[in-house]
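Read through the structure below, which is laid out as structure tokens, and then see the notes.
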Amino acid sequence: MDNTELERLEGDVEEIIFRNNENGYTVLEIDCDGELYTAVGIMPLVSVGETLSLLGEFVNHSSYGQQFSVKVCERSVPVGAASILKYLSSRAVKGIGPSTAKKLVEEFGDATLDVIENEPQRLTAIKGITREKAQKMSEELSGLFGVRRLMSELRSYGIPPQSIVELWREYGKNAMAAIEENPYILCSEQLGISFELADMIAQKQEKAADSIFRIEAGLFYILEHNKLNGHTCLPKDKLIEACSGFLALSRERCGEILENMLLGGSLFSHSLNGRDFIFTPQMYECEVYVAARLNAMLRCPPTVISGVDQALDEIERSEKIEYAELQRRAVNEAASKGLLVLTGGPGTGKTTTLNAIIKILKMNGEKVFLAAPTGRAAQRMSEVTGEEAKTIHRLLEVSWDNRDRPIFKRGRSNPLRCDALIIDEVSMVDSSLFFSVMQAAPMGCRIILVGDSDQLPSVGAGNVLGDLIDSYAVPVVQLKEIFRQSMKSMIVTNAHKIVNGEMPVLNETKKDFFFLYRTNRELISKTIIELCRSRLPSSYGLSPLDDIQVLCPGKKGELGTFELNRRLQDALNPAEAEKPELIFNNKIFRLGDKVMQIKNDYDIQWSRDDGETGEGIFNGDVGILSSVNPSSKYIEVRFYDRVAKYRGEELLNLELAYAVTVHKSQGNEFNAVIIPMFRGAPQLYYRNLLYTAVTRAKNLLILVGDPKIVEYMVNNNRRTLRYSGLKYFLIEGLE
């Protein structure tokens, strides 16, 4: 927000109501010419008695009323004996309480703070203050004022206050000198400043373009940036080439600095299949540890469960089902080797097999935990198994650090208390999360991993499911046979045709898979709106919000999620005088809208109907707007099992969800799916994406558009290349 739109409050801090010492978030009361205001925002180390100049805006909190939301906090040293007394009496300086504060101000008056910081030996004139105590008081005050000075010096660079506090904690009074020597320390994971900002500061300081510090930061930045594209590592030659182009320096110079980093251990190199790859320490540890742990499980499996086939025979008789040969093999693998990857497409019996595994394990007295990457996937897992399933994060008892990174209470020193761990939708699990799972799995625990290797890979870095299967190092059972009852479904039949590179049947009109031929984008858009608004609700009794989901290859264009969401909102939830709506960041949020969280936000508060409360809404969660307060920029969203409260900038990560991308739909299943099929960005039109979209449909699938696009996607078997090391580390562990 531009500062010209902000209001200003100036006054003295009367009371600190709340402070988070990790990130500096503070709630305080400020006295502005005799009137008290509640101010909230990032105001690190502010204390009672300080004079503040705050830039921000007034907002209405649903529970606490009007507050001043602080965007910029400018601080002044307390001036005058009265303000200094109030400041020191608030225990802002460790070792100084109200009684000592009064003695100090009586002795030194307006010069009290200057004496404490610069002439601590004079404090010994006061009874009870030793030379040692005086020195500690001086160091404490110098630290507080040091952060303040550092903020003042770095404010012009746009560095967030919480990063400045972290910088002070790391470097103390030498912080500014450290930045002047090497501004790229700001790029560290702990401080979290972008490379571009650090590079801009370096240019202002006239640092050499080929400095060691700049190249080291550039190499690390490229590796971290490529994690966003799914890579856990990069080929050494590609990394050097990318660094040379990014920094406009010679390959020789970049290669020289890379070798120094490898020698110093700040990066790791490993030869994979005859080619050198470079890892960050974090990614190297993740993949090496997982491979070592899985190989150890194979060498020392849990106790073999006997009598599996007899138990399956009994289940067949009692439940009147019949297990196929591969299903029986999967159950036996889980019971004997303790490690199993169970994969297969829709209709091949994964759920039936999984339920058999759970029954056999529980019959033998084993405690079984079930988990999935997303809330929706965990809910569906519970529904099909009849057992409690949690998200992986919840299972591992997640909390978050001051930079919103997950910290799991369950790990090597505090493992899960279970005999078997079953993870569903493993194609969505990235290397870092799987590393955390394997750390938390107790020794001797059985691990059963379930997923569809033909679906899109995880959003995060790594190719866990694909690497496990391709390594041939772990037991894998791939279910291929489509069961008779599933063969009646054209969704299942066509999904298997697509994944096998065959054209799906598009002219069948009496089942659950339909193709509606439309010749242009406008007709496709109108047809999709008609299907959602009237045709499917009247013909099938489907709810436009709860049952129908439009899936798009991409976000842009007439048939992307942005435009279709605008049109679907107007059609399904039109504006009405009595229906409140909020316009935020050029998006309209209207009571009753279907919305999706598009980025993990660990601070959003939620509550369940049973009274349980917590924080954190995750990427891909879908809900309905149940309350909208335009004046206070406050809304509530009911997700499937909880109600979350959004206000202010938290709305940035919320979007309409009448239409979502195929990538965002992973882990979900919908009664009816509609997919536009027309020309778009070529990189989004490939076989695996179409297959993933089709397999999101439970009962009804409708393609609308041009059959040539379907044919193009089926024939385009481009798989997104991901550089990862897990497969090779697994193979090496067997040699």
Does the side chain of [Y] come within less than 4.5 Å of [X]'s, by heavy atoms?
X      : Y      : answer
Leu396 : Lys409 : no
Leu294 : Ile447 : no
Gln282 : Ser432 : yes
Leu730 : Asp467 : no
Cys243 : Leu219 : yes
Leu652 : Phe584 : yes
Val59  : Glu57  : yes
Val70  : Val40  : no

Closest heavy-atom contact between [X] and [Y]?
X      : Y      : value
Phe268 : Leu262 : C-CD2, 3.7 Å
Val474 : Leu468 : CG2-O, 3.5 Å
Glu732 : Ser271 : OE2-O, 3.7 Å
Met283 : Thr232 : CB-O, 3.4 Å
Pro457 : Asn463 : CB-OD1, 4.5 Å
Glu50  : Val46  : OE2-CA, 3.3 Å

**Message:** Is the positively charged end of Arg275 above the ring of Tyr728, judged by distance under 6.0 angstrom from the centroid and angle within 45° of the axis?
**Reply:** no
**Request:** Only one of Lys236, Met261, His270 passes side chain to side chain contact (heavy atoms under 4.5 Å, CB included) with Ile278; say which it is.
**Result:** Lys236
Are any side-chain N or O atoms of [X] and backbone N or O atoms of [Y], one a donor and one an acceptor, separated by less than 3.5 Å?
X      : Y      : answer
Asn688 : Asp454 : yes
Lys587 : Leu654 : yes
Asp621 : Ile617 : no
Arg19  : Met43  : no
Arg376 : Gly620 : no
Arg687 : Asn716 : no
Gln597 : Lys599 : yes
Ser458 : Gly460 : yes
Gln666 : Leu456 : yes
Arg696 : Asn668 : yes

Starting at [atom1] of [X], measure out to [atom2] of [Y] and round the result to the nearest 0.5 Å.
X      : Y      : atom1 : atom2 : answer
Leu690 : Leu684 : CG    : CG    : 12.5 Å
Ser431 : Lys227 : OG    : NZ    : 10.0 Å
Ile407 : Ser436 : CD1   : OG    : 11.0 Å
Leu267 : Asn260 : CG    : CG    : 11.0 Å
Phe220 : Leu239 : CZ    : CG    : 11.5 Å
His663 : Thr692 : NE2   : OG1   : 8.0 Å

**Prompt:** ring-ring contact (aromatic ring centres under 6.0 Å, His included) with Tyr723: which residues, sequence neighbours excluded?
**Reply:** His231, Phe277
**Message:** Let's go through Ser724 and Glu287 carefully: what are the C-alpha distance in whole Å and the side-chain angles of both, what is the deciding distance for side-chain contact (heavy atoms from CB on, under 4.5 Å) to 0.1 Å, and is it a yes or a no?
**Reply:** CA-CA 8 Å; Ser724 61; Glu287 298 200 309; 3.6 Å; yes
**Prompt:** Is it true that Glu241 and Lys238 have a side-chain N and a carboxylate O under 4.0 angstrom from each other?
**Reply:** no
**Message:** Do the side chains of Glu397 and Arg410 get close enough for a salt bridge, i.e. N-O under 4.0 angstrom?
**Reply:** yes
**Asked** Step by step, would you call Ile423 with Val426 a side-chain contact (heavy atoms from CB on, under 4.5 Å)?
**Response** CA-CA 6 Å; Ile423 307 291; Val426 179; 3.9 Å; yes
**Message:** Assess the residue pair Asp430 and Leu433 against the criterion (side-chain contact (heavy atoms from CB on, under 4.5 Å)); give the C-alpha distance rounded to whole Å, side-chain angles, the decisive distance to 0.1 Å, and a yes or no.
**Reply:** CA-CA 6 Å; Asp430 62 36; Leu433 185 56; 3.4 Å; yes
**Request:** Please confirm whether Tyr289 and Phe435 have ring centers closer than 6.0 angstrom.
**Result:** yes
**Asked** Quick one: are the ring centres of Phe246 and Tyr221 less than 6.0 Å apart?
**Response** yes
**Message:** Within a 6.0 Å radius of atom CZ on Arg412, are there more than 12 heavy atoms belonging to other residues, nucleotides or ligands?
**Reply:** yes
**Request:** Mark yes when over 12 heavy atoms from residues, nucleotides or ligands other than Leu249 sit less than 6.0 Å from its CG; otherwise mark no.
**Result:** yes
**Asked** Would Gln605 and Tyr646 count as having a side-chain donor-acceptor pair, cut-off 3.5 Å?
**Response** no
**Message:** Test ring-ring contact (aromatic ring centres under 6.0 Å, His included) on Phe195 and His225; report intermediate values, then the result.
**Reply:** CA-CA 10 Å; Phe195 175 87; His225 178 76; over 10 Å; no
**Request:** Could you walk me through whether Phe729 and Leu272 pass side-chain contact (heavy atoms from CB on, under 4.5 Å), step by step?
**Result:** CA-CA 8 Å; Phe729 294 140; Leu272 306 178; 4.0 Å; yes
**Request:** Carefully, step by step, assess Tyr184 and Asp199 under the rule side-chain hydrogen bond (donor to acceptor under 3.5 Å, both in side chains).
**Result:** CA-CA 7 Å; Tyr184 297 99; Asp199 206 34; 2.4 Å; yes
